[in-house]
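Worksheet: the structure to be examined is printed underneath.
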Amino acid sequence: MAYNYLYKEHRDITKEDAEYTLTAKKLHEDFLENPDLAKDLYLNKTLVVKGQISEMDNRNLTLDKKVFCEFIMLPQNNFKVGEEMTVKGRCIGFDDLLEQVKLDQCSFIK
């Protein structure tokens, strides 16, 4: 029993239902306006976030310059900066220095 408690299965965010669906701008505003409430609502939760790609590389992209999304590997689609995108991922916090919300284990929603 102790083994199962200590070594839980890894979460598969792609198979989880999102607890919240919102825009990148709204998510960012929530963290700026009331960081404690936003942490309670979103931290370690599965989110679906919509926004426009403002930056990207081979593993990450940023939506509306406000939400940083980390992927294991971006699929070889021809995504472009400026394109509207919907992403599902786990919220891991807010970066005060860059003023961005951070998501990991992200996947694209079609």
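All figures in this text were calculated on a predicted structure; none of them were measured in a lab. Heavy atoms only: backbone and side chains are in, while hydrogens, waters and symmetry mates are out.
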Inset, instruction - Taking only Lys NZ, Arg NE, NH1 and NH2, and the carboxylate oxygens of Asp or Glu, determine whether K25 and D64 approach each other closer than 4.0 Å. - result: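 Salt bridge between K25 and D64, a charged N being under 4.0 Å from a carboxylate O: no.
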
pair [X]-[Y]: side-chain heavy atoms closer than 4.5 Å:
X	Y	value
E83	Q52	no
L63	V49	yes
V48	T86	yes
H28	E99	yes
Y42	L47	yes
F71	R59	no
L103	E70	no
V67	L27	yes

Please round to the nearest 0.5 Å and tell me the distance separating atom [atom1] of [X] and atom [atom2] of [Y].
X	Y	atom1	atom2	value
L32	K66	CG	NZ	8.0 Å
M56	L61	CE	CG	6.0 Å
T21	I109	OG1	CD1	8.5 Å

Is [Y] reachable from [X] through a run of hydrophobic residues whose side-chain heavy atoms are each under 4.5 Å from the next?
X	Y	answer
L22	L37	yes
I13	F108	no
F68	I53	no

If you look at every heavy atom in [X] and [Y], which pair is closest and at what distance?
X	Y	answer
F94	V101	CD1-CG2, 3.8 Å
S54	V81	O-CG1, 3.7 Å
C91	F31	SG-CZ, 4.0 Å
C106	C69	SG-CB, 3.6 Å

Inset, instruction - Report yes or no: does T23 contribute a side-chain atom to a donor-acceptor pair with the main-chain N or O of K26 at less than 3.5 Å? - result: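 Checking the backbone N and O of K26 against the side chain of T23, a donor-acceptor pair under 3.5 Å is found.
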
Legend entry - Check: D95 main-chain N/O paired with Q100 side-chain donor or acceptor under 3.5 Å: no

How about [X]: does its [atom1] atom have over 12 heavy atoms from other parts shown lying under 6.0 Å from it?
X	atom1	value
K50	NZ	no
D12	CG	yes
K39	NZ	no

Legend entry - Among Q105, K102, K45, the one residue meeting side-chain contact (heavy atoms from CB on, under 4.5 Å) with R90: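 The residue from Q105, K102, K45 that satisfies side-chain contact (heavy atoms from CB on, under 4.5 Å) with R90 turns out to be Q105.
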
Legend entry - Residue pair E16 / T46, side-chain donor-acceptor N/O under 3.5 Å: yes

